[in-house]
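All values below come from the heavy atoms of this structure, side chains included, with hydrogens, waters and symmetry mates left out. Below, read A as the first sequence line, B as the second, and so on, with proteins coming before strands; counting in each chain starts at 1.
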Amino acid sequence: MSKKLMLIDGNSIAYRAFFALPLLNNEKGIHTNAVYGFTTMLQKMLQDEKPTHILVAFDAGKTTFRHKTYGEYKGGRQKTPPELSEQFPYIRELLDAYSIPRYELENYEADDIIGTLSLQAEKDGYEVTVVSGDKDLTQLSSKTTTVNITRKGITDIEEYTPEHVMEKWEITPEQIIDMKGLMGDSSDNIPGVPGVGEKTAIKLLKQFETIEKLMESLDEVSGKKLKEKLEENKDQAFMSKELATILREAPVEISLDELTFNGPQDDKLREIFRELGFNSLLEKMGENPESEVEKNLQEIKFDIINEITEEHLATENTLYVEVFEENYHVGEIIGFGLHNEKGTFFFSPEVAQNSPIFAEWAKDENQRKSVYDAKRCIVTLRRLGLDLKGIEFDLLIASYILNPSESADDFASIAKRHGASVIQSDEAFYGKGAKRKIPETAMVAEYLSRKALTISELEKSCIEDLKENNQHELFSELELPLALILAEMEFTGVKVDIKRLKGMKEEIASRLEEIEKKIYKLAGENFNINSPKQLGVILFEKLELPVVKKTKTGYSTSADVLEKLQSKHEIIEYILHYRQLGKLQSTYIEGLLKVIHKDSNKVHTRFNQALTQTGRLSSIDPNLQNIPIRLEEGRKIRQAFVPSKEDWVIFAADYSQIELRVLAHIAKDEKLLHAFKENLDIHTKTAMDVFHVEEKDVTSNMRRQAKAVNFGIVYGISDYGLSQNLGITRKEAGEFINRYFDSYPGVKEYMEEIVQEAKQKGYVTTLLQRRRYIPEITSRNFNIRSFAERTAMNTPIQGSAADIIKKAMIDMAEELVKEGIQAKLLLQVHDELIFEAPKDEIETLKKLVPKVMENALSLDVPLKVDFSYGPTWYDAK
DNA sequence: GCACTCACGC
DNA sequence: GACGTACGTGAGTGCG
């Protein structure tokens, strides 16, 4: 068998892993991202390359022989972050567990060890693979040595053979050092020749081959300036080349024979993985963390009951309701776990349904219930004809409020996070994929009892945590009451005009067919228009249209790209139209038809109340928060949403500029406050301020740009995002933003303060004390940190707006009852509420709805609500 | 089953 | 020099 040596640049890979992955923590608070990244990279390389010999080289001390040549070598480098330093001992342990030799050498860098051993190995007939994150190493590539450089992330690598080096830079591996000598390397502080970059260096090397030959024939260099620079920096160029040259004869005292790889010591490896909490890697090794859970389950006492009596009910209870499918509107109801001072009980839906005692207890406000996912419980009991009242604690919502980023909708992981006794995950209990099934009743009874017990186990500490965070009011006065309202909305559902939808389907199908034919004709062949891959080949290869943008996997064919190509080929407009109609057809018409309940012709969405990081709701199955409105063709979909009763209407009310009003309020910006108090057109006002013109001189283009800037402020987009939005350069977008801040100094000040606050506290809050933790705000990675800063600026704005409309929903529900109105709230779409109501209530709603919404919370600016109504959602515009 | 691209809303 | 950029949901393709 041929011999294959793998040489890994340990420091480089550790750095790469550290910066590529977010700062993961294990249970003990040790950072593990670099170790984790290192491990996955190592596993991938071992699997792909199957080396017979292996070594990981590390840099030794701070100084090397190169510092003698040039004292400033690697100068100006930031010192290794402590979060990374602390991980190196684990990396060493990891390598020991793998039985992979590691080596470092005083005065030399890892590069030199690798260079030396690779040369020896080549002579001995080895095939060599070098692994690093540093492109300098590509100088080692040869007929028998391949250099693998990590691209982005950690497992994505680029293989450098001499051919690939040639392809990429048009020079040989040997010339890499000449290239570095000329262009320098800022990361190693190698000076090179000032004014010479990659392009020039390559051009020169193609002509002269090496720095030596170049310097001998300087006369032949074209360009006076360049010639001078080279002349002046001759010595520096030679020195730079020397610095960039990897030594191939370092005094390495380890022989190739010692590098034989015999595979990992599984026991040791497991131990490390366990210590670091690498569950996914443990699982790969055939260790199932769930089986650990099962071993550690505490024994519990519970009873399966076939009749509910007073003996089973108390005033303080936890009730757990299980539905087999995610969609609790239709899924099989598995049963109930109940825990109170009298014991822990399991009963089936039939038992619950046939028990007048249970029905009474359920609807009694004074019988206190703690649950997990109140909305699910209420809807599920409703399906059994039961009312559920008196819910005073919801573990899911509490967990979400305490930290929205960690609220995966999984009972076991939430329980674990809050320190409960171990419990199996749903996936472990029910199985996943095709194997998912309901186990025998005794098992189910135990599992649901356990869940009920867990809720009661955690309730007290969660409430304490909420109080400590000053979030208890948010929990009990906002989110919990809201859950009841959302349950009501979901259960009510929205009526759909199926005939209308089917009519649209027919019409769009025939139009799609026509467009499809046209596209095939223009393309000269049939292909799958819905496949970006196939479409890319047609547009950019067959029709030779210019490539505007690429994605990871090929040509981008997104709408903004196609729009730029519109003038170049007739086919583009047809493709855009095909896309538009195709989206309507598949997502909105066919998608909606699929989820209509046959008995009632209604759709019952589910609002996820514990998901978004900002406090907004989301809507699924179907998503009724993204029904088309911008383009008329799509907007017509709304004609299919109708009131559930004859002679009723759809009534829609939306907040005008709620986010910007919130911004004015929390930033206390004089100008912005004034604008809203005077009820000015905010985009026009922004244009006047940013462009320094009078109202009459604001062009539609200025207003459009101002609107985009406002949009950017509200959504926290970057200069890049704004530039994409407006089709301008990033620099121009940045200038726009600066001019905005000049015009609204209060806003600027707020933005700066909130970033500081986030840095100091680790989180930001909304008007009603909702929190978002932003640990990335201290990241050393510019991009990650910038993103975190925009999050800090944006979340209080968007989140407070979410608070306000949630409060309005609660107030509204109360008012509807108080006024004895039949109107029903159906949907919430972030800044609007949609009702259905009898015609004769319209006049009342026209007054009541805006009044309630506008007074939901009192700000330093008025809130403004617009409304409209009509026979369908479409007409409520 | 999963990643990727694309597209819809706020 | 990094490297990917408001928040969501859903459909389709194409890989394994």
Among [options], which nucleotide sits nearest the side chain of [X]?
X: A:Ser618; options: C:dG14, B:dC10, C:dT9; answer: C:dT9
X: A:Glu832; options: C:dT9, B:dC10, C:dC3; answer: B:dC10
X: A:Lys552; options: C:dG12, C:dT5, B:dT5; answer: B:dT5
X: A:Asn530; options: B:dC10, C:dG12, B:dC6; answer: C:dG12
X: A:Asn626; options: C:dT5, B:dC10, C:dT9; answer: C:dT9
X: A:Asp621; options: B:dC10, C:dG10, C:dG12; answer: C:dG10
X: A:Thr557; options: B:dC8, B:dC6, B:dC10; answer: B:dC6
X: A:Asn623; options: C:dG14, C:dG8, C:dT5; answer: C:dG8
X: A:Thr612; options: C:dC3, B:dC10, C:dC7; answer: C:dC7
X: A:Ser531; options: C:dC3, C:dT13, C:dG12; answer: C:dT13

Rounded to whole angstrom units, what separation is found between the [atom1] atom of [X] and the [atom2] atom of [N]?
X: A:Ile575; N: B:dC6; atom1: CD1; atom2: C1'; answer: 14 Å
X: A:Gln613; N: C:dA6; atom1: CD; atom2: P; answer: 15 Å
X: A:Met183; N: C:dG1; atom1: CE; atom2: P; answer: 8 Å
X: A:Leu539; N: B:dT5; atom1: CG; atom2: P; answer: 17 Å
X: A:Leu576; N: B:dT5; atom1: CG; atom2: C1'; answer: 15 Å
X: A:Asp654; N: B:dC10; atom1: CG; atom2: P; answer: 9 Å
X: A:Glu326; N: C:dG10; atom1: CD; atom2: C1'; answer: 14 Å

Please classify the nucleic acid contact of [X] as base, sugar-phosphate, or nothing, using heavy-atom distances under 4.0 Å.
X: A:Arg630; result: sugar-phosphate
X: A:Ile717; result: base
X: A:Leu584; result: nothing
X: A:Thr791; result: nothing
X: A:Gln724; result: nothing
X: A:Asn528; result: sugar-phosphate
X: A:Tyr720; result: base

Can a side chain N or O of [X] be found less than 4.0 Å away from OP1 or OP2 on [N]?
X: A:Arg616; N: C:dC7; answer: no
X: A:Ser786; N: C:dG4; answer: no
X: A:Ser556; N: B:dC6; answer: yes
X: A:Ser718; N: C:dA6; answer: yes
X: A:Thr587; N: C:dA11; answer: no
X: A:Thr553; N: B:dT5; answer: yes
X: A:Gln534; N: C:dG14; answer: yes
X: A:Lys533; N: C:dG12; answer: no

**Request:** Tell me the stems DNA chain C sits in, counting at least three consecutive Watson-Crick or G-U wobble pairs, each under 3.5 Å on both distances.
**Result:** B:1-9 with C:7-15
**Asked** Does one side chain, of A:Gln639 or A:Thr872, offer a donor that lies under 3.5 Å from an acceptor on the other?
**Response** no
**Request:** Please assess A:Tyr740 against A:Tyr744 for the test ring pair (Phe, Tyr, Trp, His ring centres under 6.0 Å), listing each intermediate value before the final yes or no.
**Result:** CA-CA 6 Å; A:Tyr740 179 92; A:Tyr744 298 96; 4.7 Å; yes
**Prompt:** Using atom C1' of each nucleotide, how far apart are C:dA6 and B:dC8 to the nearest Å?
**Reply:** 15 Å
**Request:** Could you measure between the two P atoms, the one in B:dA7 and the one in C:dC3, and give it in whole Å?
**Result:** 27 Å
**Trace of the salt bridge (charged side-chain N to carboxylate O under 4.0 Å, His left out) decision for A:Arg616 with A:Glu659** = CA-CA 13 Å; A:Arg616 277 186 171 185; A:Glu659 280 100 348; 3.4 Å; yes
